[in-house]
Amino acid sequence: MKPELFTKDTTAIIYGNQQKAVQRMLDFDYVCGRKTPSVAAIIDPGKNSVHKFFFGKKEVLVPSFATLAAAVKKFTKADVVINFSSFRSAYKTSVEALNAKTINTVVIIAEGMPERRAREIAAMAKQMNKMVIGPATVGGIKAGCFKIGNTAGTIDNIVMSKLNRPGSVGFVSKSGGLSNECYNIISRNTDGLYEGIAIGGDAYPGSTLLDHILRYEAIPQVKMIASLGEIGGTEELRIVEALKAGKIKKPLVIWVTGTCAKMFPSGVQFGHAGAKADNSLETAEAKNEALRKAGAIVPNSFDEYDKLVKETYNKLVKKGVIKPAAEVPAPTVPEDFAVALKAGKIRKSTSFISTISNDKKEELEYNNVKITKVIGDDMGIGGVIGLLWFKKALPKFARQYIELAIMLCADHGPAVSGAHNSIVAARAGKDIISSLVSGLLTIGPRFGGAIDGAAQNFKRAVEAGLTPEQFVKEMKDKNTAIPGIGHRVKSVTNPDMRVTLLKNFVRKNFKKSPTLDFALEVEKLTTQKKNNLILNVDGCIGVCFVDLLKNCKEFNAEEADQVIELGCLNALFVVARSIGLFGHIFDQKRLKQGLYRVPYEDIAYMTED
């Protein structure tokens, strides 16, 4: 294959939804002055979508495909796959990538791939004349052109190491961590890196140190080569043979790490899977000495590595072999808002205010009460409503009243408008939310909405000192029905047990109930006209709630008025009735009822002849 793996037009397909790695690649593209992003697509198995990323100051969309086959078919110019698959699936996905005709380079990030599989992939790539970097690699970087994943660290480190523009040094290492260190060493002692590759520390990498050294030998822009070997294996001895055979003519500064192994018992493995010397030829000392004798530039220790890199570079400059690359100022990559905000570098006016709950703390809180305390203190639904609606920790009797009201209002049969609408929607095949909303939209002045009206009107009358007679006359003069009075079915002789239960609860648990007492006096007057003009359940809930507020020391007069004005009582009815509406919806779906149609006999057709 061609010595150059990457150019400024290279685009890659990322296997795995690695958002941070993609953004780092695009940030590198930006500081290099690339006109187009280096990431063509993302493979997120089973998902087709798009993802937003920043390309400098503007946002770009990168498509996500469910399969690699779909991505390579769409992006025929993408010739690199960066494979972030786990070690369990990395073999399969890497083979798939190699078999794609348009893919020339496959980078395998996964560690722990079985050695047999790694050898198969290396052999396959060689047979296909393709390049594999890895397994267990952090990737690589071609200065000013293309970056693999998370290679080279932060964008600040990249710019500091002059990686935004090409230099004269080709570098290859087994170690990813030491690669980043050496990029910095090279930037401080030469005109910078041309390309750097970390092949990974496995015993059988897809490409070797020598493979990349020979590539650099064939690239005219690379004037000198730097490398880091490692204890274990005989790969560095292949470099020795290449030096002896005259295949490597450019200066090669190389160091084999692991000389400290002699201080430990034999058989110790150093970090990487391949970093273990099984015989004397595989020791760091033996390989360093062999490289030195073959003509490589080998320091006495890693501490001298930078010195020899600098000396070698200066000699090449003096000879005229290297014309130092000009410094190119890199554009500043705008800092991500979330990062800057977390670091306290900026401030931004918020769009919303929440004073009732907080999910940003270690534990969810309702009005500054931790959720574990809400559950531990058995606050119940009434307590949660108190915290979230009224921002109060309600006393027990108030919590119990709210829960009683919810239970009493949960359902009133299938015939009322809300249940009817929900049933019709469910039978039409609508989803549960749409069916629920169909029913909830009927709640208003004629259905459920009387709770707020009853509370407001009876509260006003009591506070104004009106007599029941004056109140009834006032409402009559306004030609307005009294909210909460009247029932279609129930009457004085056929009482509503829900109202009876509410009155009994209030008599037992409230110290005073002036609003309820007043409403019952009004009921005596209205039932003289018709015996079904009773205090109904909506009205009873409303007037009793007014008394609840008067019995709770947690509410002052202004706060009590606000609760009534906000519509909290109708909200209580909505919460309660939703339970019943869901019940009817589930009932219809469970019974597999078909589409509902109003019977002809229920319609009076009164068209003119």
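Side-chain rings of Phe397 and Tyr401 stay apart, their centers remaining 6.0 Å or farther from each other. A ring-centre distance under 6.0 Å is not found for Phe54 and Tyr30.
Heavy-atom neighbours of Arg507 CZ from other residues, nucleotides or ligands within 6.0 Å: above the threshold of 12. No more than 12 heavy atoms of other residues, nucleotides or ligands sit less than 6.0 Å from atom CG of Asn479. Residue Gln562 qualifies as open at atom CD: its count of foreign heavy atoms under 6.0 Å is 12 or below. The environment of NZ in Lys342 is sparse: at most 12 heavy-atom neighbours from other residues, nucleotides or ligands sit within 6.0 Å. The environment of CD in Glu362 is sparse: at most 12 heavy-atom neighbours from other residues, nucleotides or ligands sit within 6.0 Å. A 6.0 Å sphere centred on OH of Tyr605 holds more than 12 heavy atoms belonging to other residues, nucleotides or ligands.
Scored by the ring-ring contact (aromatic ring centres under 6.0 Å, His included) test, Phe55 finds no partners at all (sequence neighbours excluded). Residues satisfying the ring-ring contact (aromatic ring centres under 6.0 Å, His included) criterion with Tyr91, sequence neighbours excluded, are absent altogether.
Salt bridge annotation for Asp561-Lys459: present, with a cationic side-chain nitrogen under 4.0 angstrom from a carboxylate oxygen. By the 4.0 Å N-to-carboxylate-O rule, Arg460 lies close enough to Glu474 to be salt-bridged with it. For the pair Glu469 and Lys524, the salt-bridge criterion is not met [side-chain N within less than 4.0 Å of a carboxylate O].
Screening residues 429-452 for ring pair (Phe, Tyr, Trp, His ring centres under 6.0 Å), with sequence neighbours left out, gives Phe447-Phe573.
Formation of a donor-acceptor pair under 3.5 Å by the Asp27 side chain with backbone atoms of Ile155 is not found in this model.
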Are Lys370 and Glu365 close enough, and set up right, to give a salt bridge (charged side-chain N to carboxylate O under 4.0 Å, His left out), and what steps lead you there?
CA-CA 4 Å; Lys370 293 182 178 180; Glu365 293 182 357; 5.4 Å; no
